[in-house]
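Have a look at the structure below, then the notes.
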Amino acid sequence: MARYDRAITVFSPDGHLFQVEYALEAVRKGNAAVGVRGSDTIVLAVEKKSTPKLQDSRSVRKIVNLDDHIALACAGLKADARVLINRARIECQSYKLTIEDPVTVEYITRYIAGLQQKYTQSGGVRPFGLSTLIIGFDPHTHTPSLYQTDPSGTFSAWKANATGRNSNSIREFLEKNYTETSGQETLKLAIRALLEVVESGGKNIEVAVMTREQGLRQLEEAEIDAIVADIEAEKAAAEAAKKAPATKET
Amino acid sequence: MMKIDFSGLDPSLPVKGNAEDLDDEILAAPSFKLPVTVDFDGFQKAAVQMVKPAKGTTTLAFIFKHGVMVAADSRASMGGYICKALLILNLYKINLYLAASQSVKKIIEINPYMLGTMAGGAADCQFWHRNLGIKCRLHELANKRRISVAGASKLLANILYSYRGMGLSVGTMIAGYDESGAGLYYVDSEGGRLKGTRFSVGSGSPYAYGVLDSGYSFDLSVEDAAELARRAIYHATFRDGASGGVASVYHVGPGGWKKLSGDDVGEMHYSYYPIEPTTVEQEMADVRIA
């Protein structure tokens, strides 16, 4: 007697896994998330939908850490995210206990992606409805990494990437404007990319920076506001510079 | 056939269902068939006692400036019987169930940069070391970097712990060289795992410890360390009846392990304590026959 119902994720005649594609739809409806890798800093920035007045915003952190040296942001179903994050956190500690070394970013990404894949090939379950951006420093080589996973269970490393709402436009922006950066420049690039699709202001963005020495640091609203103001000023200056030579000619 | 049921230990496993279903076979809690006996506990005790006394051997390892030095004897015995005619019997393909030998390899090569020593059940040590080698290789392939000695020894210790009380007899040292330098761990079938700089395991270990501890210094050269290891094994084989044969010495350095020497302990005895030529007091001379 079978314990489960029939499998939910099955192939379509033309080779698609519709449940996985529908899960990707759910991701596309989720909040925008951007990750940028610099030479010594990695930044995650996530869109924050307006907080209801009575809600304690500290309980809805969108950027979480999986271990001292690894952090994760995601787009999609937040409840699914909670389950995946808990399993990943346990795996980080279990690995540390068994191998006596902290996980590498690649290992934990592979674990999370493996988990997401398992749920596309099991009976009676649906895929996780989220894509994750995982950042961290390798505990041995100290190189920074940024990885992305998606509901199908694939993962890859990126220099900069976005997921969630309008991720295509953000990615286009990043492709045009990405350069090797470090420190504050990386932070600015990430926020600039997110501002392409999000209303500017510290209230609407959650930003976290990871460095090798200090680990993950969540930015205060005031700090974000200051950087946004910087970016606006730079944009205005660039606009003015574009106009100035034109007026000189006439 | 009665099956021992472990589903109670792991809450995430499904409750035992119909044993005939293939599904249940794959998803069932790990279990093994119990032997058909009247007194299972007594049977278990007897099984463990049969293997327990076995650790007749001398193995040692120590960390020093240039890496790890690993040495062992090569005698395997079963009860009081040591067979030297193993080779001849093999030629005639006689099934020797009294498998005992003077030439057992007690230093097992897990991979090019890690060694394991054998004390206790030979089959247990060989099998689980080989299994550890497989796990280490899989780790390398999956993670694109070598496993650390700490990690490898922990994998073995966890496996042995899960078989605790089931009669495995393993007293091994995992010696290797990884990113954090030389590593030496003692792992046994009780599930214990110790990190250390000097270890000796087996029935000859008290004798080996005596020589090793008194001659040890971190700054030994490779040759001196090898000689110390060789001498310690020799002294142990001299006094311990369950140790003998050939003293093998291996060195594990940054470039991996290398076998340095394998000397017969009998010959070593005469090189350390050569026979003094005694002076003749009186020679027998020919008596002239008148």
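Proteins get letters first, then strands, A, B, ... in listed order; numbering begins at 1 in each.
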(message) Taking side chain as everything from C-beta outward and backbone as N, CA, C, O, which of these in B/Ala142 sits under 4.5 Å from a heavy atom of chain A? Side chain, backbone, both or neither.
(response)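 Contact with chain A: backbone and side chain both.
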
(message) Is B/Asn158 in contact with chain A via its backbone, its side chain, both, or neither, using a 4.5 Å heavy-atom distance?
(response)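 For B/Asn158, the side chain is the part near chain A, not the backbone.
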
(message) Taking A/His140's backbone N and O only, do any of them form a donor-acceptor pair with B/Arg145's side chain (distance below 3.5 Å, no angle check)?
(response)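 Judged by distance alone, no pair lies under 3.5 Å.
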
(request) Please answer whether the main-chain N or O of A/Leu97 pairs with a side-chain N or O of B/Lys154 as donor and acceptor at a distance below 3.5 Å. (result)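 Such a contact is found between B/Lys154 side chain and A/Leu97 backbone.
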
Take atom [atom1] of [X] as the centre, draw a 6.0 Å sphere, and report whether it contains more than 12 heavy atoms from other residues, nucleotides or ligands.
| X | atom1 | result |
| --- | --- | --- |
| A/Arg61 | CZ | yes |
| A/Tyr178 | OH | yes |
| A/Lys159 | NZ | no |
| A/Lys78 | NZ | yes |
| B/Glu140 | CD | yes |
| B/Tyr163 | OH | no |

(message) Do A/Arg110 and B/Asn143 have side chains that approach each other closer than 4.5 Å (heavy atoms only, starting at C-beta)?
(response)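 When only atoms from C-beta onward are counted, B/Asn143 and A/Arg110 do touch, with a gap below 4.5 Å.
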
(request) Would you sort out whether A/Ile99 and B/His139 count as a side-chain contact (heavy atoms from CB on, under 4.5 Å), showing the intermediate values? (result) CA-CA 10 Å; A/Ile99 305 288; B/His139 180 100; 4.1 Å; yes

(request) State the CD-OG distance between A/Glu100 and B/Ser180, to the nearest 0.5 angstrom. (result)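 Here the rounded value is 10.0 Å.
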
